[in-house]
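As the structure is a prediction and not an experimental result, all values here were calculated from the model.
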Amino acid sequence: MTKVRLETSKGNIVLELDEAKAPVTVANFLKYVDEGFYDGTIFHRVIASFMVQGGGFDKDMKQKKTHAEIVNESSNGLENKRGAIAMARTSAPNSASSQFFINIVDNAFLNKAQAQDRVGYCVFGSVVEGIETLDLIKVVKTGNVKGHGDVPLEPVLLNKAVRV
């Protein structure tokens, strides 16, 4: 399995990606990693009892231009548990592009089987090192910034994302 290190302003997080169960999603994520797309972005949505989200905005809260949206692989059997990384999307099932979130707690209601929309959110890997970094990120003070809620008032930077 491929591993990716997220080098953040709060410490490193190492993810192990599951190409076998989420091939389209992993290939998409790695394309962004290899292009350096995530470098210099921020975790723009942090909810301590839920998840941390990143992969779409720079430190000035300007949204980055993405590649085409991908198919939702939420029926792969992987679950939104603490430490699992999943793709963020709009209410449209196949709308994920670059944004991802890491579950702070078990969020079974995001799994396909329990999801209100019967689609859910595609998990494609999990944290294998640096869960303590996630715990540092989740407690930052948040507020409203440029029309977005739950934004860290002191930016939490994703300085670099690299394969390891």
- Qualifying residue, where the test is side chain to side chain contact (heavy atoms under 4.5 Å, CB included) with F124 and the options are L78, L17, N28: L17
- Query: At their closest point, which heavy atom of K112 faces which heavy atom of S75, and how far apart are they?
  - Reply: CD-CB, 3.5 Å
- Query: With distance as the sole test, does R5 use its side chain to make a donor-acceptor pair with the main-chain N or O of K160 at under 3.5 Å?
  - Reply: no
- Task: Just do the side chain to side chain contact (heavy atoms under 4.5 Å, CB included) check on N107 and F50 with the steps written out, would you?
- Result: CA-CA 7 Å; N107 289 309; F50 181 34; 3.5 Å; yes
- Message: Can you confirm whether or not the ring centre of F37 sits under 6.0 Å from the ring centre of H67?
- Response: no
- Task: Could you walk me through whether D34 and R163 pass salt bridge (Lys or Arg N to Asp or Glu O under 4.0 Å), step by step?
- Result: CA-CA 8 Å; D34 294 343; R163 292 189 196 222; 2.7 Å; yes
- Within one Ile-Leu-Val-Met-Phe-Trp-Tyr cluster: V139 and V46, side-chain cutoff 4.5 Å: no
- Note on the structure: Here the pair of heavy atoms bringing S49 nearest to V105 is O-CG2, 3.3 Å
- Task: Kindly give the heavy-atom pair with the smallest separation between P93 and V119, and that separation in Å.
- Result: CB-CG1, 3.7 Å
- Query: Are the side chain of D18 and the backbone N or O of K21 linked by a donor-acceptor pair below 3.5 Å?
  - Reply: yes
- Query: In terms of hydrophobic clusters joined by side-chain contacts under 4.5 Å, are V162 and V14 together?
  - Reply: yes
- Roughly how far apart are K59 NZ and I42 CD1, rounded to 0.5 Å? 10.0 Å
- Give, for atom OG1 of T133 and atom CD1 of I13, the distance between the pair rounded to the nearest 0.5 Å. 5.5 Å
- Donor-acceptor pair, S97 side chain versus E69 backbone, under 3.5 Å? no
- Can you check side chain to side chain contact (heavy atoms under 4.5 Å, CB included) on V140 and E154, steps first, answer last? CA-CA 8 Å; V140 299; E154 178 189 318; over 6 Å; no
- Heavy atoms of P155 and S9 approach each other most closely as O-OG, 4.0 Å
- Item | Rounded distance (nearest 0.5 Å) linking atom CG of L6 with atom CD1 of I137 | 8.5 Å
- Item | Single-linkage hydrophobic cluster L110~M87, side-chain heavy atoms < 4.5 angstrom | no
- Note on the structure: When rounded to the nearest 0.5 Å, the distance separating NZ of K64 from CG of D58 is 7.5 Å
- Message: Between I102 and V127, is the side chain to side chain contact (heavy atoms under 4.5 Å, CB included) condition met? List the steps.
- Response: CA-CA 8 Å; I102 304 173; V127 174; 3.9 Å; yes
- Item | Minimal non-hydrogen separation, H44 against M61, with atom names | CB-SD, 4.1 Å
- Task: Taking T41 for its side chain and G56 for its backbone only, find out whether a donor-acceptor pair lies under 3.5 Å.
- Result: no
- Message: Is the terminal nitrogen or CZ of R45 (NZ for Lys, CZ for Arg) located under 6.0 angstrom from the six-membered ring centre of F101 and within 45° of that ring's axis?
- Response: no
- Message: So, taking the atom named CG in N103 and the one named OH in Y121, what distance separates them when rounded to the nearest 0.5 Å?
- Response: 11.5 Å
- Hey, are D135 and K138 close enough for a salt bridge, meaning a charged N less than 4.0 Å from a carboxylate O? yes
- Check: N111 side chain, G120 main-chain N or O, donor-acceptor pair, under 3.5 Å: no
- Query: Is a side-chain N or O of N94 found less than 3.5 angstrom from the main chain of N72, in a donor-acceptor match?
  - Reply: yes
- Q99 versus Q63: any side-chain heavy-atom pair under 4.5 Å? yes
- Between T142 (side chain) and P152 (backbone), is there a donor-acceptor pair under 3.5 Å? no
- Derivation and outcome, side chain to side chain contact (heavy atoms under 4.5 Å, CB included), residues V4 and L30: CA-CA 8 Å; V4 169; L30 289 174; 3.7 Å; yes
- Task: Taking all heavy atoms of A161 and all of D39, pick out the closest pair and write down the distance.
- Result: N-OD1, 3.0 Å
- Task: Can you measure from CE (M51) to CG (N80) and round to the nearest 0.5 angstrom?
- Result: 11.0 Å
- Query: Would a distance-only check, ignoring hydrogens and angles, find a side-chain to backbone donor-acceptor pair under 3.5 Å from D106 to R82?
  - Reply: yes
- Query: Can a donor-acceptor pair be found between the side chains of T2 and E19 at a distance below 3.5 Å?
  - Reply: yes
- F29 ring center near Y38 ring center (under 6.0 Å): yes
- Item | L158-V156 co-clustered via ILVMFWY side chain contacts under 4.5 Å | yes
- Item | Test item: E73 side-chain N/O and V24 main-chain N/O as donor-acceptor pair under 3.5 Å | yes
- Query: With a 4.5 Å limit on heavy-atom distance, are the side chains of I85 and V123 in contact?
  - Reply: no
- Message: Hydrophobic clusters here meaning ILVMFWY residues chained together by side-chain heavy-atom distances under 4.5 Å, can you tell me if Y32 and L15 are in one?
- Response: yes
